Amino acid sequence: MSVQLHRTIQTFASSIIRKPKCSLIDKNKKLNELSKLGQTDEARKLFDKMPERDEFTWTTMVAAYANRGRLVEARQVFQEVPTKSSITWSSLICGYCKHGFEIEGFELFWQMQSEGHMPSQFTLGSILRMCAIKGLLSRGEQIHGYAIKTCFDMNVFVMTGLIDMYAKSKRVLEAECIFQIMSHGKNHVTWTAMINGYSQNGDALRAIQCFSSMRAEGIEANQYTFPGVLSSCAALSDIRFGMQVHGCIVNGGFEANVFVQSSLIDMYCKCEDLHSAKKALKQMEINHAVSWNSMILGYVRNGLPVEALSLFKKMHASDMEVDEFTYPSVLNSLACMQDTKNGICLHCLVVKTGYESYKLVSNALIDMYAKQEDLACAINVFNSMVEKDVISWTSLVTGCAHNGFYEEALKLFYEMRMAETKPDQIIIASVLSSCSELALLKLGQQVHADFIKSGLEASLSVDNSLMTMYANCGCLEDAKKVFNSMQMHNVISWTALIVAYAQNGKGKESLRFYDEMIASGIEPDFITFIGLLFACSHTGLVDDGKKYFASMKKDYGIRPSPDHYACMIDLLGRAGKIQEAEKLVNEMDIEPDATVWKALLAACRVHGNTDLAEKASMALFQLEPQDAVPYVMLSNIYSAAGKWENAAKLRRKMNLKGLNKEPGYSWIEMNGVVHTFISEERSHTKSDEIYSKLEDVIALIKEAGYVADTNFSLHDINEEGRERSLSYHSEKLAISFGLLYVPKGVPIRIYKNLRVCGDCHNAMKFVSRVFDRHIILRDSNCFHHFKEGICSCGDYW
DNA sequence: CTAGGGTTAG
């Protein structure tokens, strides 16, 4: 038979055998196409017109409705299906699962079995996917059990679904277990599920290792694999691996995928390579909001708010789609720039475009206004929110604290707890630092307890703030306990410990901790050195101080700031090396600021150097003309030197300028009530009792050898009057109250807003011995632990 | 009827 003839017969044969069937196949094909395109109503029209329908026709129509979420219609068609198969059931179930209808999905799953149809890998796959997305762990476990019973536990589809379900439910170990059981037969989707499982559960290193193994086994990655790998590179700041992945992406031809592109941009931004990120953004053919969002956020995070704003302007001008992720980054950049004008403009735009109702956006608005110190606006946005979350509260709480309204911050936290919003680590850390600022030990302990009860995981920032809170309340032991309980310490933890010991009069321990810190491989930062210099200064370790001061620049490249200089001047001043302190000020390679001059002035006070004091004061009068402190200090130095006339003249000048000294006051917290005392004041309800107790106290300590030091009296009056005013200092009123009302054996905790006066300091030492009490006095500079006539500060403060 | 994905505020 010739070839020609053979072909003719074949064509003829197929024309008679297949022709009628072909039209059904073609129509089914068309129906499926319309369904995939989402043209469900067109599909229905075609379906209705079809004179002949087979199983595929019916199933496609059910799926067309089910996939678009039109489940009522899907079920109607389903019920009309003449002969249902496992596939028909799966199509319907898949629709319910895709749209999150958990109850209906499971009902149909059991129903199909009772009607004699075996679920397939597709049925289980759909249900597992729903469990994964909705985090239905126990439902997923049920399916896992079912899969084992029905021998589906060797099926790649089902196993992959299980891995994804466990990983999305934060059960990485279970996911890993299934992954390892599947020694062979893992496909690229299985690998991708595992990689993303690691990456989404914060195990970036394993994600990357898994990706490497995948490639080693010769499995090709695709557009679904790369984003997870790239975000892991970003989390580890591993730009070298990231660039290799970029190479794979180019090789595989996946560059054009928007998901891949945006994760590339994000990776480069997080690795601080803005140049490469920008290049990736430029190469995009279609501009996609997510990629632009990543780039804008990258600019903000890398401290380039101006670039972030200009990118947003471009985005806005080009009619690009802007979403709820765009605004927070831009608002954040305006917060960084303190750009209040554009802040308001952007707020207007948010309102105009209807994005105010997005929590993400409103929270960013609160944060921006708070950072721009416009608490009223922040509160306005907060109050306008229908549904607040913990971040809304945190933004406001931190905003208050940032503006120095610590009490308001604490009240807000209380309100939040009353509203039964669960706290998280960040708000706890923020609230603890407000407790710390106000030295509210009881409240701080309650927040600590609240945190433990919450069952939240420990976090570095919470532990670090707990340490600071306890240290700031004079509870050194508790601060150390927290430190010891921590699994990891960063430079902030160590610095907190160093500062805690330094301000509580244990500077030598601070220096020991510094050595331990270095030994553990953690590098100090500029705050660590402030702690160290503070420790040296309060312990009188001049040589060590000089050594650290030199080391910070030499060994760690940290340029001393005015604060470091101030510590050094303080250190030299206390040690009586006034000339050296003056020399250091003159040698500074930066302009000395007010803190530096104040340190010098304080040094002059201790050593009665009026000439240098005048010089320092002059500088301060220039730098901070509205500050009363230098006037008071200089006047005190004059008084101490017996130069009453100069002192009086200065006081008059101060009054003429309308400057008022911050009044000194002391307080004691008892049973949640703060008892405040002001020198010579009698507003306390137990005032009579307190003053009469004070008479007894003075008499008793005098017997033990206390002599009033009238140098600390500021009044230009006779000796007896000066002594009298001295005995009514706020610290002394507070200690009398403490002796009356704080039970024996419990430390008396006194707080003072200014530095403790020298005479009061001396008196406290006697009180601690005569009355056998532990007195903890926190002044504006450090803690004084008085015990058995000795103070922990070693009389340096 | 076919599993898997990026940006996420303090």
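Each chain gets a letter, A, B and so on, in the order the sequences are listed, and its residues count up from 1. This one's a predicted model, so the numbers in the text were calculated from it and none came from an experiment.
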**Student:** Would A:Q113 and A:Y146 count as having a side-chain donor-acceptor pair, cut-off 3.5 Å?
**Tutor:** yes
**Student:** Which residue pairs pass the salt bridge (Lys or Arg N to Asp or Glu O under 4.0 Å) test when at least one of the two sits in residues 191-204 of chain A, sequence neighbours left out?
**Tutor:** A:D203-A:R206
**Student:** From the options B:dG6, B:dA9, B:dT2, select the nucleotide whose nearest atom is closest to the side chain of A:C94.
**Tutor:** B:dT2
**Student:** Taking A:D389's backbone N and O only, do any of them form a donor-acceptor pair with A:K359's side chain (distance below 3.5 Å, no angle check)?
**Tutor:** no
**Student:** Under the 3.5 Å rule, do the base of B:dG10 and the side chain of A:T394 count as making a donor-acceptor pair?
**Tutor:** yes
**Student:** A:N155 near the nucleic acid: base, sugar-phosphate alone, or nothing, with a heavy-atom cut-off under 4.0 Å?
**Tutor:** nothing
**Student:** Tell me: OH of A:Y358 to P of B:dA9, nearest whole Å?
**Tutor:** 17 Å
**Student:** Could you tell me if the side chain of A:R417 sits less than 4.5 Å from the side chain of A:P423, heavy atoms only?
**Tutor:** yes
**Student:** Out of B:dT8, B:dA9, B:dG6, which nucleotide sits closest to the side chain of A:I391?
**Tutor:** B:dA9
**Student:** Using whole Å, report how far CG of A:L230 lies from P of B:dG6.
**Tutor:** 11 Å
**Student:** So if I take every side-chain heavy atom of A:F122 and compare against B:dA9, B:dC1, B:dA3, which nucleotide ends up nearest?
**Tutor:** B:dC1
**Student:** Can you check whether any acceptor in the base of B:dA9 is under 3.5 Å from a donor in the side chain of A:N332, or vice versa?
**Tutor:** no
**Student:** Measure from the side-chain heavy atoms of A:N187 and tell me the nearest of B:dA3, B:dG6, B:dC1.
**Tutor:** B:dA3
**Student:** A:S85 and A:E55: side-chain donor and acceptor closer than 3.5 Å?
**Tutor:** yes
**Student:** If you measure only the distance, is there a donor-acceptor pair under 3.5 Å linking the side chains of A:K170 and A:N201?
**Tutor:** no
**Student:** Please list all pairs passing the salt bridge (Lys or Arg N to Asp or Glu O under 4.0 Å) test where one or both residues lie in residues 56-65 of chain A, with sequence neighbours left out.
**Tutor:** none
**Student:** Any base atoms under 4.0 Å from A:N67, or only sugar-phosphate, or nothing? Heavy atoms, all strands.
**Tutor:** nothing
**Student:** Does B:dT2 have OP1 or OP2 sitting under 4.0 Å from an N or O in the side chain of A:K98?
**Tutor:** yes
**Student:** With a 4.0 Å cutoff (strictly under), does any side-chain N or O of A:K270 reach OP1 or OP2 of B:dT8?
**Tutor:** yes
**Student:** Starting from C1' on B:dA3, measure out to OH on A:Y224 and report it in whole angstrom.
**Tutor:** 10 Å
**Student:** Using a strict threshold of under 4.0 Å (side-chain N to carboxylate O), is an ion pair present between A:K411 and A:E408?
**Tutor:** no
**Student:** Over 60° means perpendicular and under 30° means parallel, so tell me whether A:F122 and A:F157 are parallel, tilted or perpendicular.
**Tutor:** perpendicular
**Student:** Determine all donor-acceptor pairs shorter than 3.5 Å in which one atom belongs to a side chain in residues 323-331 of chain A; sequence neighbours excluded.
**Tutor:**
residue, atom, partner, partner atom, Å
A:D323, OD1, A:N293, ND2, 2.9
A:D323, OD1, A:F325, N, 2.9
A:D323, OD1, A:T326, N, 3.2
A:D323, OD1, A:T326, OG1, 3.0
A:D323, OD2, A:N293, ND2, 3.4
A:T326, OG1, A:N293, OD1, 2.8
A:T326, OG1, A:D323, N, 3.0
A:T326, OG1, A:D323, O, 3.2
A:Y327, OH, A:T353, OG1, 3.1

**Student:** Got a sec? Which of residues 363-371 of chain A come in under 4.0 Å of DNA chain B, heavy atoms?
**Tutor:** A:N363, A:D367, A:K371
**Student:** In residues 188-199 of chain A, which ones come under 4.0 Å of DNA chain B, going by heavy atoms?
**Tutor:** A:H188, A:V189, A:N196
**Student:** Output the rounded distance in Å from CZ (A:F312) to P (B:dT7).
**Tutor:** 21 Å
**Student:** Determine whether A:V431 and A:V397 make a side-chain contact, defined as any pair of heavy atoms from C-beta on separated by less than 4.5 Å.
**Tutor:** yes
**Student:** Look at all strands and tell whether A:S262 reaches a base, only sugar-phosphate, or nothing, counting heavy atoms closer than 4.0 Å.
**Tutor:** base
**Student:** Taking atom types as modelled, is there a side-chain donor on A:Y198 or A:E176 under 3.5 Å from an acceptor on the other?
**Tutor:** yes
**Student:** Classify A:V390 by what it touches in the nucleic acid, base, sugar-phosphate, or nothing, heavy-atom distance under 4.0 Å.
**Tutor:** base
**Student:** Which whole-number value in Å describes the distance from A:N257 CG to B:dT7 C1'?
**Tutor:** 14 Å
**Student:** Distance check needed: B:dA9 P versus A:D424 CG, whole Å only.
**Tutor:** 12 Å
**Student:** Hey, can you pull the residues of residues 291-303 of chain A with a non-hydrogen atom under 4.0 angstrom from DNA chain B?
**Tutor:** A:N293, A:S294, A:L297, A:R301
**Student:** Please report the distance, rounded to the nearest Å, between NE2 in A:H246 and C1' in B:dG6.
**Tutor:** 15 Å
**Student:** I want to check one thing: is the phosphate of B:dG10, taken as OP1 and OP2, less than 4.0 Å away from some side-chain N or O of A:Q425?
**Tutor:** no
**Student:** Regarding A:T192 and A:T225, do their side chains bring together a donor and an acceptor under 3.5 Å, going by distance alone?
**Tutor:** yes
**Student:** Among the nucleotides B:dG6, B:dA3, B:dC1, which one has an atom lying closest to any side-chain atom of A:S90?
**Tutor:** B:dC1
**Student:** Distance check needed: B:dA9 P versus A:E387 CD, whole Å only.
**Tutor:** 18 Å
